[in-house]
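Comments concern the structure below.
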There are 2 protein chains.
Amino acid sequence: MPLISSCEVDTALELITGKWKPSILLALINGDTLRFSELKRSLPNISQKILTAQLRDLEEQDIIIRTIYPEVPPRVDYRLSEYGKTLIPVLETMNAWGIQHAERMRQK
Amino acid sequence: MPLISSCEVDTALELITGKWKPSILLALINGDTLRFSELKRSLPNISQKILTAQLRDLEEQDIIIRTIYPEVPPRVDYRLSEYGKTLIPVLETMNAWGIQHAERMRQK
DNA sequence: CCGTATCCCTTAAGATACTG
DNA sequence: CAGTATCTTAAGGGATACGG
């Protein structure tokens with residue numbers, strides 16, 4: 001019996017693949033709660049449409065929580081859900097791997 | 001300073017994203033050394049073209065090693081490189097997360 | 001047996017403009 | 001401020017047929 005099953009790896013992978021999702025998650029890990037405009041500033045090259053789409057994905061997967069404040073001007077902020085926080089160790093492992101092996105990447 | 005940097009996470013992510021790459025890596029983790037036809041059997045729904053392409057990607061990234069035996073009929077096998085094996089803990093972490101959270105997925 | 005070549009399709013991503 | 005709407009492009013994936 002396999003120690004690792006493809007389907008479970010894919011489960012995790014689905015949640016964090018998307019060109020900008022790691023960056024968004026990291027911003028929320030490091031920044032706790034961020035407004036739409038703050039996220040946009042953290043990701044200088046993303047268009048509003050894409051940022052909205054990725055946030056909607058993450059929200060639908062219950063990884064992040066979107067809070068709308070009924071104010072003028074409008075205010076919306078995003079934070080990791082408790083469920084989303086369980087992904088932190090996964091991201092940390094990938095990060096640690098990346099740091100250890102970044103050298104090889106740079107040679108290419 | 002952030003504990004996790006997006007760019008390092010992406011480094012790891014790049015290597016394992018691709019619809020079939022986790023499955024290929026798992027097959028090689030569990031099966032050690034496999035021939036093309038054995039891999040194809042492990043991944044019943046993949047086309048030859050795609051399998052070849054994904055294997056070439058992994059080979060180019062030095063994650064797997066491709067060995068050609070000058071025989072008739074041709075024989076080629078694939079195995080993880082030492083570098084590729086460093087990804088195992090990453091996959092294991094993702095797998096563990098997936099198992100723990102598969103329940104939530106099934107409810108959706 | 002282990003591939004390539006060709007052609008097609010879907011999807012993600014992006015630029016840009018507009019709105020409550 | 002925080003989004004939609006519209007249009008376009010690029011890349012990944014796939015079915016099928018052929019080749020050394």
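Salt bridge present: K21(B) and D57(B) bring a charged side-chain N and a carboxylate O closer than 4.0 Å. Ion pairing between E38(A) and R35(A) fails under the 4.0 Å rule for side-chain N and carboxylate O.
Rounded to whole Å, the distance from CG on L51(B) to P on dG12(D) is 17 Å. Between Y69(A) atom OH and dG3(D) atom C1' there is a gap of 17 Å when expressed in whole angstrom units. The interatomic distance linking I50(A) (CD1) with dA15(C) (P) rounds to 9 Å, in whole Å. Rounded to whole Å, atom P of dA15(D) lies 8 Å from atom CG of N45(B). The distance between atom CD of Q48(B) and atom C1' of dC1(C), rounded to the nearest whole Å, is 9 Å. Atom CZ of R75(A) and atom C1' of dG20(C) are 18 Å apart (whole Å). For the pair Q54(B) CD and dG12(D) P, the interatomic distance rounds to 9 Å; values are reported in whole Å. Rounded to whole Å, atom C1' of dT4(C) lies 15 Å from atom CG of L55(B).
Y78(A) is not listed as a side-chain neighbour of T33(A), based on a closest heavy-atom distance of 4.5 Å or more. Y83(B) is not listed as a side-chain neighbour of I65(B), based on a closest heavy-atom distance of 4.5 Å or more. The shortest side-chain heavy-atom distance between S81(A) and I64(A) does not fall under the 4.5 Å cut-off. In this structure the side chain of W97(B) reaches within 4.5 angstrom of the side chain of T11(A), judged on heavy atoms. Side-chain contact check for I88(B) versus I29(B): some heavy-atom pair is nearer than 4.5 Å.
Here dT16(C) is the nucleotide among dT16(C), dG3(D), dG3(C) with the atom lying nearest to any side-chain atom of S47(A). With dT16(C), dC2(C), dA2(D) as the choices, the nucleotide that has an atom nearest any side-chain atom of V76(A) turns out to be dA2(D). With distances taken from any side-chain atom of R56(B) to the nucleotides dG3(D), dT4(C), dC1(D), the minimum falls on dT4(C).
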Might you list the N or O atoms of the protein lying below 3.5 Å from N or O atoms in nucleotides 5-10 of chain C, with each pair's distance?
unit_1	atom_1	unit_2	atom_2	d
dT6(C)	O4	K49(B)	NZ	3.4

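Between Y78(B) and the phosphate of dC2(C), there is no side-chain N or O to OP1/OP2 separation shorter than 4.0 Å. Dashed line: the shortest gap from a side-chain N or O of R35(B) to OP1 or OP2 of dG3(C) is not under 4.0 Å. Within the structure, a side-chain polar atom (N or O) of K19(B) is placed less than 4.0 Å from OP1 or OP2 of dG14(D). Residue W20(B) has no polar side-chain atom (N or O) positioned under 4.0 Å from OP1 or OP2 of dG12(D).
Under the 4.5 Å side-chain contact rule for hydrophobic residues, I68(A) and L80(A) share a cluster.
Rounded to the nearest 0.5 Å, atoms CD1 (I16(B)) and CD1 (I24(B)) are 12.5 Å apart.
Nearer to the 5' terminus of DNA chain D, by closest-nucleotide assignment, is the contact made by S37(A) (compared with the other of S37(A) and D57(B)).
One axis for each end of the helix from dC1(C)-dG20(D) to dG20(C)-dC1(D), each built from five base pairs, and the angle between them comes to 50° at 10° resolution.
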Please table the atom pairs, donor to acceptor, closer than 3.5 Å between any side-chain atom in residues 45-55 of chain B and protein atoms at least two apart or in another chain.
unit_1	atom_1	unit_2	atom_2	d
S47(B)	OG	I50(B)	N	3.3
T52(B)	OG1	Q48(B)	O	2.8

